There are 2 protein chains.
Amino acid sequence: MQTTKPSSKMFLDIVEELKLMINAEGITVGDKLPSERVLAERLQVGRSTIREALRSLELLGLIETRRGEGTFLADFKKHQLVEVLSTFIMQQPNSAVDVKKTRVIHEKAAIEEICNDPVKRELPVWQSLIMIINDEGTVLREDIMREMIIATDNRLSLKIWFLLKQYSRVPYGEMTNENENGMLIALLENMISGHVVEAIVSYDRWIEVIEGEMNDDSRVV
Amino acid sequence: MQTTKPSSKMFLDIVEELKLMINAEGITVGDKLPSERVLAERLQVGRSTIREALRSLELLGLIETRRGEGTFLADFKKHQLVEVLSTFIMQQPNSAVDVKKTRVIHEKAAIEEICNDPVKRELPVWQSLIMIINDEGTVLREDIMREMIIATDNRLSLKIWFLLKQYSRVPYGEMTNENENGMLIALLENMISGHVVEAIVSYDRWIEVIEGEMNDDSRVV
DNA sequence: ATCGAAAAGTGGTCAGACCACTACTGTTTA
DNA sequence: TAAACAGTAGTGGTCTGACCACTTTTCGAT
């Protein structure tokens, strides 16, 4: 049974065994894994060792445990890759600048992808956003960017962006004001028209404005 | 002591407590953490619960344990995290696509940033790469992209890219062959000259080629 | 002062015992 | 017959105490 030589870290071997078992038995997303006691019996180790391996995988979001029910292979949507990254990446010096740059990378990439894809350009959500801005005079800032990232249909990028947004000092949680609405309309319309360069320019202007505003605020504080 | 309400997942609370403790006591990379028995005493939980939390952090590469010595805050150069996650994540149909798209986003962003920054364009590393390709006829694929990301001076993007690279099926771990060297030279020279569009085109061609080659390989297998 | 053996400290693992919760099963009841 | 109920088996969650293997420290003999 023991195909892999036991290392000094038994629980790591268990993780490997579990991966093999999942593949061998065709366990897929949502399926139930054998119970801890069964696994301990089958792999000939103590239950606590099994638990250490399972808890590791749970922290990564690879499995999901429900008391009284069992342990289940988790859906990718629940994978904690990004969250995990954040815990040990974010609190480094210089990270504020990096976080902003990286957030912008993802936002611009979304804008460009939409501009270059007729189908995504014609999504009704853009017209809706324009109407909301015109009718109500304001909209939640982050709603706009989020819709753009969502439109790219890239869950991973969305997750990364969401996390970066939280760590950013950018005031996305606020409503837009008169000054920026024009730029946003320009951004949206350029995007709808597929004018990449102009859309990016509008975006840059908008970011510049709301970050300038943020700096004014922080000066007061 | 218990500032956070106990959830149904005690070991997750312990992970949080540990993070707080690490920050509060100024424990930095390489420092020793309190022993498992001390932690159990201090947090008023069983040692097995402490261990489940520690094992989770160990699987992430956040801590390092040495039998007989203790538990230490690790430098996260250990990305065993990736090996674990990748096998689980890659089973999901769409995630592979997302990973690739996101990796490309970061790579193109790096190319564009270098193109638009005279200082970064004139870094000696690009000439070195061109010389290596010309003289030795080959170079490690990932070296090129890594140097580009490094040049952007964005550690966060570099870390994300590094992880994505390992998740990707792109054969970056191999040496370049005759076919692609021309495209790489074109990419580098366009970049040095600041020709954004042309550089991106060269990049797209290169990626297309090495991914095509990869598909051929898998067909053989 | 040096060397070496004993002791203390630490992570690694196991077994067994409860607890809290869920799901199943069989009986009772309307 | 069908619904409601209670009991039971199964599951994850946690704790305790006991070893083991290993490293560091301590301290006595030389």
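Not measured: the values here are computed from a predicted model. Reminder, nothing fancy here: chain letters follow the sequence lines and each chain counts from 1.
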* Measure from the side-chain N and O atoms of A:Trp161 to the backbone N and O of A:Val104, and report whether any donor-acceptor pair falls under 3.5 Å. =>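 Not a single qualifying donor-acceptor pair exists.
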
Any side-chain N or O of [X] below 4.0 angstrom from OP1/OP2 of [N]?
| X | N | value |
| --- | --- | --- |
| A:Thr71 | D:dG12 | yes |
| B:Thr65 | C:dT10 | no |
| A:Ser35 | D:dT11 | yes |

Atom-to-atom span, [atom1] of [X] to [atom2] of [N] - whole angstrom:
| X | N | atom1 | atom2 | value |
| --- | --- | --- | --- | --- |
| B:Lys32 | C:dT10 | NZ | C1' | 7 Å |
| A:Ile63 | D:dG12 | CD1 | C1' | 11 Å |
| B:Glu58 | C:dT10 | CD | P | 17 Å |
| A:Phe72 | C:dT22 | CZ | P | 12 Å |
| B:Leu39 | C:dT10 | CG | P | 10 Å |
| A:Leu54 | D:dG13 | CG | P | 9 Å |
| A:Arg51 | C:dC14 | CZ | C1' | 15 Å |
| A:Arg47 | C:dA17 | CZ | C1' | 11 Å |

* If you find the nucleotide of DNA chain D closest to A:Pro34 and the one closest to B:Gly46, which residue's nucleotide is nearer the 5' end? ->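 Nearer the 5' end of the strand: A:Pro34.
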
* Which part of the nucleic acid, if any, lies within reach of A:Ser48 when heavy atoms closer than 4.0 Å are counted: base, sugar-phosphate only, or nothing? ->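 A:Ser48: base contact, heavy atoms under 4.0 Å.
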
* What does A:Arg66 touch in the nucleic acid at a heavy-atom separation under 4.0 angstrom: a base, only the sugar-phosphate, or nothing? ->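 Sugar-phosphate only.
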
* Could you point out which residue of B:Glu208, B:Glu107, B:Lys108 forms a side-chain hydrogen bond (donor to acceptor under 3.5 Å, both in side chains) with B:Tyr203? =>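 Going through B:Glu208, B:Glu107, B:Lys108 one by one, the side-chain hydrogen bond (donor to acceptor under 3.5 Å, both in side chains) with B:Tyr203 is satisfied by B:Glu107 alone.
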
Apply salt bridge (Lys or Arg N to Asp or Glu O under 4.0 Å) to [X] and list each qualifying residue two or more places apart in sequence or on a separate chain.
| X | answer |
| --- | --- |
| B:Arg141 | B:Glu174, B:Glu180, B:Glu213 |
| A:Arg121 | none |
| B:Glu25 | B:Arg42 |

* Just by protein heavy atoms under 4.0 Å, how would nucleotides 22-27 of chain D read 5' to 3' in B, S and -? -> BBS---

* Asked: What about B:Arg37, does its side chain sit under 3.5 Å from the base of C:dG9 through a donor-acceptor pair?
  ->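 Side chain to base: no pair present.
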
* Asked: Under the 3.5 Å rule, do the base of C:dG12 and the side chain of B:Arg55 count as making a donor-acceptor pair?
  ->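 Checked by distance alone, the answer is no.
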
* Asked: Who pairs with B:Glu112 by side-chain hydrogen bond (donor to acceptor under 3.5 Å, both in side chains), at least two apart in sequence or on another chain?
  ->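 Per chain and number, B:Glu112 pairs via side-chain hydrogen bond (donor to acceptor under 3.5 Å, both in side chains) with no residue.
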
* Residues forming a side chain to side chain contact (heavy atoms under 4.5 Å, CB included) with B:Glu142, sequence neighbours excluded ->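 Testing B:Glu142 for side chain to side chain contact (heavy atoms under 4.5 Å, CB included), a comparison that skips the adjacent residues, returns B:Leu140, B:Arg146, B:Lys165, B:Tyr172.
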
* Output the single nucleotide from D:dC15, D:dG13, C:dG11 whose closest atom is nearest the side chain of A:Glu36. =>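 Among D:dC15, D:dG13, C:dG11, the one nearest the side chain of A:Glu36 is D:dG13.
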
